[in-house]
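For reference, the structure discussed in these notes is given below.
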Amino acid sequence: MAELTGRVALVTGGTRGIGLATARALAAAGATVVITGRDAARAEAVAKEFGGHGLGLDVADFDAVGAVVKQAAAAHGGLDVLVANAGIMESGLLGMLRANDVRRTLDVNVAGAVAAVQAAGRAMARKRRDADGNERRGGSVVLLASVVGTYGAAGQSVYAASKAALVALARSAARELGPRGIRVNAVAPGVIRTDLTAALPADVLDRQAAAAALGRLGEADEVADVIRFLAGDAARYVTGQVLGVDGGLVP
Ligand code: NAD
């Protein structure tokens with residue numbers, strides 16, 4: 001039996017990049033996977049490819065996040081895994097930032113994750129039965145932090161601050177939810193080749209590749225494999241951790 005057979009997983013922002021790679025990896029490990037995207041029709045279409053389900057959701061809408069997590073859990077008999085992946089990276093030097101830029105990043109990256117963890121915590125705390133009739137409680141939450149949340153990056157102060165906030169969220173939620181059997185961890189990717197980083201100048205990408213011990217940028221499936229590990233029982237005694245997936249980046 002595959003590692004995640006009988007488990008239900010929700011991946012926010014799952015229509016491309018790391019989210020899509022994660023949804024594929026979880027589905028390949030046997031999970032029933034629900035992805036969310038801002039465009040419901042697109043999310044449904046993308047999910048078909050790996051036999052999953054798609055729902056529309058703008059994670060900047062705090063209440064909508066809670067409602068969609070609840071809806072997904074109700075539709076599939078519970079929730080075992082949450083990957084709060086949806087995020088934006090808006091660059092801008094400190095002197096150029098406007099209030100709305102700051103709020104948008106914090107709404108999507110931080111408040112969106114808080115709402116998802118809150119709702120997932122409620123769903124995962126509930127007792128449910130697996131396919132074999134065994135009673136189960138608890139679950140695994142994975143947040144998408146970033147190396148810039150630790151090291152910082154010129155021109156990315158707000159994005160970096162939002163990712164540092166997710167580290168604190170993971171550690172705090174791990175403490176609150178641990179007694180209910182819910183693990184909360186974060187991954188901190190380095191520079192991964194997705195749409196998010198495609199807009200970065202080529203010389204920046206070259207420098208980042210050279211700064212990694214492995215001498216190259218990362219791929220979305222390399223982050224997804226680590227998330228799958230954290231989602232499953234192989235990581236059953238791992239919580240409140242931040243796992244770097246950065247090729248040995250030395251900034
Ligand atoms: P991406 O831009 O390819 O994907 C981001 C996903 O989030 C997309 O599906 C997008 O539609 C979704 N999204 C954005 N705003 C949303 C909103 N308001 N509501 C719902 N969905 C929304 O980027 P990616 O590289 O796959 O990034 C995924 C996560 O990993 C992000 O949180 C990002 O910050 C983080 N991360 C990425 C890298 C990297 O190098 N690519 C490094 C560190 C962390």
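Numbering of ligands and ligand atoms starts at 1, following listing order.
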For atom CZ of Arg175, decide whether the heavy atoms of other residues, nucleotides or ligands shown that lie under 6.0 angstrom number more than 12.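 12 or below, so no.
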
Minimal non-hydrogen separation, [X] against [Y], with atom names:
| X | Y | result |
| --- | --- | --- |
| Gly92 | Leu97 | O-CD2, 4.1 Å |
| Leu82 | Met124 | N-CE, 3.5 Å |
| Leu249 | Val147 | CD2-CG2, 3.8 Å |

Please determine whether side-chain contact (heavy atoms from CB on, under 4.5 Å) holds for the pair Arg24 and Glu49, giving the CA-CA distance in whole Å, both sets of side-chain angles, and the decisive distance to 0.1 Å. CA-CA 9 Å; Arg24 285 179 178 144; Glu49 172 227 312; 2.7 Å; yes

Who pairs with Val110 by side-chain contact (heavy atoms from CB on, under 4.5 Å), at least two apart in sequence or on another chain? Leu106, Val114, Ser162, Ala165

Which protein residues have a heavy atom closer than 4.0 Å to any atom of ligand 1, listed by chain and number? Gly13, Thr15, Arg16, Gly17, Ile18, Arg38, Leu57, Asp58, Val59, Asn85, Ala86, Gly87, Ile88, Arg104, Val108, Leu144, Ala145, Ser146, Tyr159, Lys163, Pro189, Gly190, Val191, Ile192, Thr194, Asp195, Leu196, Thr197

